[in-house]
Amino acid sequence: YRHTVEAIKRIDSSLQVGGPATAQNAWVPEFVSFCEQNNLPADFISTHYYPTDAFGSEDTDTISQLADAPHHVMRQRASETHEHAKGRPVYYTEWSISSNPRDPFHDEPFAAALATNILMSVDSLVAGYSYWTFTDVFEENYFPSVPFHGGFGLLNLYGIAKPAYRAFELLHRLGDELLVVEGSHKTVSAWTVRNKDGLTVLLTNHAMPRHAIKTELARVTLSDASEPRSAYVQRIDDDHANARRVWMDIGEPEYLSASEVDQLRAASCLQSEPHPLRFKDQTIQFDIALPPHSVAAITIAL
């Protein structure tokens with residue numbers, strides 16, 4: 001690192017250089033200590049982490065690894081790195097819901113719900129958080145022909161969006177002012193984000209494998225609110241934004257025709273549906289059912 005950072009800074013001192021570019025949060029304190037002791041610049045901290053990293057051996061199956069992982073393990077690890085970074089920006093340049101390149105969960109609403117929980121939990125701790133990977137077309141493993149084979153990608157081989165892709169789409173639209181949410185539940189999580197046109201209530205119902213979960217009816221109350229003009233909900237679950245489910249329904253073809261690709265792309269999209277609200281005494285209230293491993297975003301125009 002010494003040779004690298006000194007060479008780069010001699011070329012242009014404004015170029016940002018950091019590290020240690022490790023897996024599993026490794027060597028971050030040692031890297032920071034080395035840079036401080038040797039008066040070397042470290043403009044950022046970068047590492048990788050997966051929720052399956054610390055649980056079980058390489059031979060342990062993915063479901064068992066996830067079942068043993070604490071629900072907030074990714075926030076815990078990001079918090080540790082944030083502390084060790086001592087004010088430097090933190091970049092997780094690789095993460096996903098598991099480190100298995102053939103994990104069926106990658107193609108399912110489970111990934112959308114878990115990824116949403118992870119992303120919202122680390123928002124205040126990291127400067128960049130790079131999901132592995134954008135598409136199933138990548139070089140590390142053999143190239144499969146099955147449209148949904150549990151690959152890492154947010155998009156499958158045909159460019160069809162998986163539920164996790166739609167979760168990123170929802171998050172991208174949220175806004176920039178996170179409001180305080182009171183109340184807690186074992187599997188349901190909630191965030192409220194305000195933007196210039198109103199706000200969005202983001203909800204998930206999620207648990208790790210082998211942990212109890214069922215459909216929950218959530219009641220949301222927004223206080224000190226102006227009268228809403230309209231509201232709509234967008235969902236990700238078994239019946240919404242879930243192309244894999246439709247692929248299974250049509251017989252799981254190994255190769256897709258052009259019409260099947262169009263059908264699955266349409267099935268992958270988020271749909272906006274009107275959602276009823278109650279308004280009285282500057283209070284907005286609504287109820288919404290959340291199936292297991294689901295995401296719902298209720299956008300309210302004010």
[X] side chain vs [Y] backbone, donor-acceptor pair below 3.5 Å:
X    : Y    : result
D107 : G150 : yes
S79  : R75  : no
T200 : L202 : no
R166 : S268 : yes
N156 : F148 : no

**Study point:** Steps toward side chain to side chain donor-acceptor pair (under 3.5 Å) verdict (E254, S145)
**Key:** CA-CA 6 Å; E254 184 172 355; S145 56; 2.5 Å; yes
Exercise for review: Please work out which of the three classes, parallel, tilted or perpendicular, describes the rings of F110 and H293, given edges at 30° and 60°.
Suggested key: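 Because their plane-to-plane angle lies in the 30° to 60° range, the rings of H293 and F110 count as tilted.
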Review point. Taking the six-membered ring for Trp, are Y91 and F44 parallel (under 30°), tilted (30 to 60°) or perpendicular (over 60°)?
Key: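 Aromatic pair Y91/F44 classed perpendicular.
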Sequence neighbours left out, what passes side chain to side chain donor-acceptor pair (under 3.5 Å) with [X]? Give chain and number order.
X    : result
R77  : Y49, E80
D12  : S14
S294 : none
E83  : none

Practice item. Treat each ILVMFWY residue as a node, draw an edge where side-chain heavy atoms are under 4.5 Å apart, and state whether L203 and M120 are in one component. Key: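 No.
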Check your understanding: For the hydrophobic clusters of this structure (ILVMFWY residues joined by side-chain heavy atoms under 4.5 Å, transitively), does one cluster hold both V28 and Y1?
Key ->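 As far as the 4.5 Å side-chain criterion goes, Y1 and V28 are connected within one cluster.
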**Study point:** Option passing ring pair (Phe, Tyr, Trp, His ring centres under 6.0 Å) with W95 (candidates W132, Y50, Y131, F152)
**Key:**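 In the set W132, Y50, Y131, F152, the residue that makes a ring pair (Phe, Tyr, Trp, His ring centres under 6.0 Å) with W95 is Y131.
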Exercise for review: Please step through side chain to side chain contact (heavy atoms under 4.5 Å, CB included) for the pair T52 and N100, ending with a clear verdict.
Suggested key: CA-CA 9 Å; T52 51; N100 180 357; over 6 Å; no
Practice item. Go through I45 and H84 one step at a time and tell me if the side chain to side chain contact (heavy atoms under 4.5 Å, CB included) criterion holds. Key: CA-CA 9 Å; I45 301 301; H84 292 314; over 6 Å; no
Practice item. Report the C-alpha separation of I118 and Y129 in whole Å, then their side-chain angles, then the decisive distance to 0.1 Å, and conclude whether the side chain to side chain contact (heavy atoms under 4.5 Å, CB included) test is met. Key: CA-CA 10 Å; I118 291 171; Y129 211 59; 3.6 Å; yes
**Study point:** Residue that, paired with P209, satisfies side-chain contact (heavy atoms from CB on, under 4.5 Å) out of T62, I63, D61, D68
**Key:**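 Answer after filtering T62, I63, D61, D68: I63.
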Check your understanding: Among T47, T22, V32, which one satisfies side-chain contact (heavy atoms from CB on, under 4.5 Å) with W27?
Key ->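 Of T47, T22, V32, side-chain contact (heavy atoms from CB on, under 4.5 Å) with W27 is met by T22 alone.
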Check your understanding: Taking all atoms of both residues into account, what is the closest heavy-atom pair of D136 and G151, and its distance?
Key ->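 Of all heavy-atom pairs spanning D136 and G151, the closest is OD1-C, 3.2 Å.
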**Study point:** Heavy-atom closest contact (A42 atom, C35 atom, distance)
**Key:**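 Smallest interatomic distance, heavy atoms only, reads CB-SG, 3.9 Å.
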Table please: side-chain donor-acceptor pairs of residues 172-183 below 3.5 Å, with sequence neighbours left out.
unit_1, atom_1, unit_2, atom_2, d
R173, NH1, Q234, OE1, 3.3
R173, NH2, E169, OE2, 2.4
E177, OE1, R194, NE, 3.1
E177, OE2, R194, NH2, 2.8

Check your understanding: Does NZ or CZ of R102 fall inside the cone over Y142's six-membered ring, less than 6.0 Å from its centre and within 45° of the axis?
Key ->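 Satisfied, under 6.0 Å and within 45°.
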Are side-chain heavy atoms of [X] and [Y] found at a separation under 4.5 Å?
X    : Y    : value
F105 : S98  : no
L170 : V295 : yes
L154 : F168 : yes

Check your understanding: Would L119 and L171 satisfy side chain to side chain contact (heavy atoms under 4.5 Å, CB included), going step by step from the backbone distance to the final call?
Key -> CA-CA 9 Å; L119 286 161; L171 292 168; 3.4 Å; yes
Practice item. If a pair satisfies side-chain hydrogen bond (donor to acceptor under 3.5 Å, both in side chains) and one of its residues is in residues 207-223, list it, with sequence neighbours excluded. Key: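 Every side-chain hydrogen bond (donor to acceptor under 3.5 Å, both in side chains) pair that includes a residue of residues 207-223, provided the two are not neighbours, is S64-R210, K214-E216, R219-D287, T221-Q285.
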Review point. Should D43 and K9 count as an ion pair when the cut-off is N to O under 4.0 Å?
Key: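 Here D43 pairs with K9 in a salt bridge, since their nearest N and O are under 4.0 Å apart.
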